[in-house]
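In what follows, chains carry the letters A, B, and so on, assigned in the order in which the sequence lines appear, proteins first and then strands, with residues in each chain numbered from 1. The analysis underlying the following values was restricted to heavy atoms, covering all of them including side chains, and did not include hydrogens, waters or symmetry mates.
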Amino acid sequence: MRVWQGLVKLFEACNNGESVAQFHSLLLKTALIWDTFLSSKLQNLYSIYMPIQTARKLFDESPKRTAYAWNSMIKCYCKEKKYDDTLGLFSVMLSFEKPDNFTIPIVLKACSGLRALHFGRMVHGFVKKNDCINSSLFVGSGLIEFYSKCGYMEDALSVFEEYDQPDVVLWTTLITAYEQNDDPEEALYIFNRMVEDNGLVPDPITLVSLVSACAQLLDLNSGRSVHAFMIRREIQGGLSLWNALLNLYTKSSSVKAAAHLFRVMEEKDVISWGCMISCYAHNGSATRALELLSKMIVIGIQPNSVIVISALQACEATGNLEVGRKMHKLAVQKDFELDISVATALIDMYMSCNSPDEATDIFERMPEKDVVSWSAVLSGCVQNGMAHKSMEIFQGMIYSEIPPDSVMMVKILAACSEIGILQQACCIHGYLIRGGFDNNYFVGASLIESYAKCGSLEDAVKVFDGIQERDVVIWSSMIAGFGFHGHAKQALELFHQMIKNTKIVPNNVTFLSILSACSHGGLLEEGIKLYNKMVNDYKLTPESKHYSIMVDLVGRTGDLGQAMAIINQIPSPVSAHVWGALLGASRIHQNMEMGEVAMKNLSLLDPDHAGYYILLSNMYAVDGKWDVAAEVRNTVKEKQLKKLSGQSTIQYSVQR
DNA sequence: GTAGGGTTAG
């Protein structure tokens, strides 16, 4: 008896593999290996402290295998995510021992991991036959999670409904299941039922799923009330809950709220940093995102693949090829360069930074490609002036039997617009009718744009007329279409028709289209009127694109003083395009003084843009100042800047 | 001895 007690003390002291092995040999020596309590403890220690092979060896050699021993060994495999082995051992176990309520949840977890529908259903059958349901909530949550992971929410729900008195964990499992099956509304509804109809109090994990559902719905208000609830009740919640909140603020573009939360969080892990970096990267503060990343590395947190993706997006936005390449190197080091999402983000980054060759190299090395990666390469080709390649890419994807989605269709249409071959647009139109994409708003809008850009306003109008329910994007595209063709009056007519006859409210893009139509049609007064309407009546905040159109509009008419006045009103910072518009107007009206002012700013904001220097040098040349003109041209040479010569093609006629 | 949770490309 004293030996036994000593051994119990000893096993309590086991905290590494070596001591477990010693404990085991002692049990063998003293023949106490037969003691069920001690041998169970030994099994449990295996799964914690021993490498799985050692544990398996001891398990195989052990003279007596209790149900506990089987469970521990199975759990061991499951913990290491060796789900095949988990199920394999479970199958062997069935010949020796009857699984109990402790075995079932572990096995179900493995089925979930493998999405092994048949196996899981078989386990469910076993559970029903042995009536485990009512004796164990653990089995229930295992089943719910399993069906949810396989996407079978109806089965998950019916398991839940078998319980008369589900506890908070079971409710939470169901809420999480809906949240992860893209049904956040239902998740919120279930939560309400749990709290209001059943009077249960949510625990921090319930709140994690709740906040995640709010984030999916971009329901900032509900999310905030959870945050307030936590503060009121002084719920500590743990890191996951804070991270879920941080994600909510990130997703709903509440940069300030996110930054504040991030600042006050006492504990932060790599996910918290990742949320904050992605928040900056997606909300126009790419530089901040990169700064935060270097800060993170300095304090010794290693970036994971998710963070590398966010950083790449920040590089993309700022055109920072240098940091982009560094991220690439890091991804290679960490061995996730060719993970589908990392590789796709790399392709986007290289394409946006004008390095299509590096992007293509990655694409060709990818072992697995999906519609997103194909889309990235396709639109990258268009961005880099190789739209002619895009049809080949599209075909390549079809051959590899990956079905296109609506985003892909939008991109291929953009490629058509760029190439300007009407027949191609017609073919794609046919393809997307057959594929059932023609009732998608974005596809419809792109189709209108493509027809207009390929020269057939007629077809664009036909598509527009054929769309029964038009949203603001469809209207805007049609307005822009008239604008491309210089029909400013028709564009205006359509705009007024939209406001008068529909409940659709024009947005920033609509105004961009209509203002650009006015600018190209020389409708100065109308343009100014509409701009005022946009700001005063619709309370829209103009973006730099609106400003550059206004400068363009006013500048074209020759009133450069007025154009300058507009620039002076812009709340800083003024983008390069705005000064570019002023430079262009100065060139038209040969206003040297304004041209030099514009160039001074441009040489700071976009010093590597060859086109601006050439415009300026042409102005000097017209003025007869040949020496200054030559000097400017020399700058271009010294900087080794290249101006891609402008080219545009459009198919002249189509036989139909 | 067993269960539910946070970040990921267009």
Side-chain angles (χ1 to χ4, degrees), chain A residues 37 40-41 43-45 47-48 66-72 74-75 78-79 99-109 112 136-146 148 166-177 179-180 202-213 215 237-248 250-251 269-279 303-310 312-313 316 336 339-349 351-352 369-380 405-408 410-411 414 442:
Chain A
F37 180 78
S40 331
K41 288 299 165 196
Q43 291 290 343
N44 203 29
L45 288 173
S47 64
I48 303 172
T66 58
Y68 189 108
W70 285 97
N71 285 349
S72 297
I74 289 173
K75 191 169 110 194
C78 194
K79 245 192 195 160
D100 58 16
N101 284 345
F102 295 94
T103 332
I104 301 296
I106 303 167
V107 172
L108 284 171
K109 181 149 229 148
S112 305
S136 170
L137 288 163
F138 294 91
V139 170
S141 55
L143 280 169
I144 293 173
E145 195 198 339
F146 159 70
S148 141
D167 67 348
V168 175
V169 174
L170 209 64
W171 280 98
T172 304
T173 314
L174 190 66
I175 293 169
T176 310
E179 187 263 312
Q180 295 188 343
D203 68 10
I205 298 180
T206 324
L207 296 181
V208 172
S209 292
L210 187 67
V211 172
S212 302
L239 194 51
S240 301
L241 184 48
W242 294 115
N243 282 342
L245 274 169
L246 195 57
N247 178 48
L248 169 82
T250 294
K251 287 278 149 62
D269 66 355
V270 66
I271 293 180
S272 334
W273 285 87
C275 276
M276 201 58 230
I277 290 169
S278 128
C279 181
N304 60 19
S305 67
V306 178
I307 290 183
V308 168
I309 290 166
S310 294
L312 285 169
Q313 291 164 341
E316 204 185 317
F336 51 61
D339 278 15
I340 200 152
S341 32
V342 177
T344 307
L346 278 166
I347 291 171
D348 278 325
M349 186 276 295
M351 286 297 193
S352 300
K369 298 163 185 153
D370 66 0
V371 63
V372 183
S373 25
W374 282 95
S375 302
V377 179
L378 192 144
S379 61
D405 65 0
S406 55
V407 180
M408 185 57 155
V410 168
K411 300 213 154 152
F442 287 97

Heavy atoms from C-beta onward define the side chain here; which of [options] lies closest to that of [X]?
X       : options                 : value
D405(A) : dT7(B), dG10(B), dT2(B) : dG10(B)
F138(A) : dG1(B), dG4(B), dT2(B)  : dT2(B)
S341(A) : dA9(B), dT7(B), dG10(B) : dA9(B)
L137(A) : dG1(B), dA3(B), dG5(B)  : dA3(B)
D348(A) : dG4(B), dG1(B), dA9(B)  : dA9(B)
I340(A) : dG1(B), dA9(B), dT8(B)  : dA9(B)
V371(A) : dA3(B), dG10(B), dG5(B) : dG10(B)
V372(A) : dG10(B), dG4(B), dG1(B) : dG10(B)
F102(A) : dG5(B), dG1(B), dG10(B) : dG1(B)

So for T173(A) and dG4(B), does any side-chain atom that can act as donor or acceptor lie under 3.5 Å from a complementary atom in the base?
no
Starting at [atom1] of [X] and ending at [atom2] of [N], how long is that distance when rounded to a whole Å?
X       : N       : atom1 : atom2 : result
I347(A) : dG10(B) : CD1   : P     : 12 Å
F336(A) : dT8(B)  : CZ    : P     : 15 Å
Q313(A) : dT8(B)  : CD    : C1'   : 9 Å
M349(A) : dT8(B)  : CE    : P     : 20 Å
M276(A) : dT7(B)  : CE    : P     : 16 Å
L241(A) : dG4(B)  : CG    : C1'   : 14 Å
N304(A) : dT8(B)  : CG    : C1'   : 9 Å
M351(A) : dA9(B)  : CE    : P     : 19 Å

Could you point out which residue of D100(A), I104(A), T103(A) forms a side chain to side chain contact (heavy atoms under 4.5 Å, CB included) with V139(A)?
I104(A)
Can you check whether K251(A) has a side-chain N or O nearer than 4.0 Å to OP1 or OP2 of dT8(B)?
yes
Side-chain N,O (N247(A)) to OP1/OP2 (dT7(B)) below 4.0 Å
yes
For S136(A) and N101(A) the tightest heavy-atom approach is CB-ND2, 3.5 Å
Applying a 4.0 Å non-hydrogen cut-off, can you work out what T176(A) is touching in the nucleic acid: base, sugar-phosphate, or nothing?
sugar-phosphate
Can a donor-acceptor pair be found, under 3.5 Å and without considering hydrogens, that links the side chain of S209(A) to the backbone of T206(A)?
no
Donor-acceptor pair, D348(A) side chain versus M351(A) backbone, under 3.5 Å?
no
Value rounded to 0.5 Å, distance of OG1 in T344(A) from CD1 in I309(A):
8.0 Å
Holding to salt bridge (Lys or Arg N to Asp or Glu O under 4.0 Å), I want the full list of residues that pass it with E145(A), two or more places apart in sequence or in another chain.
K149(A)
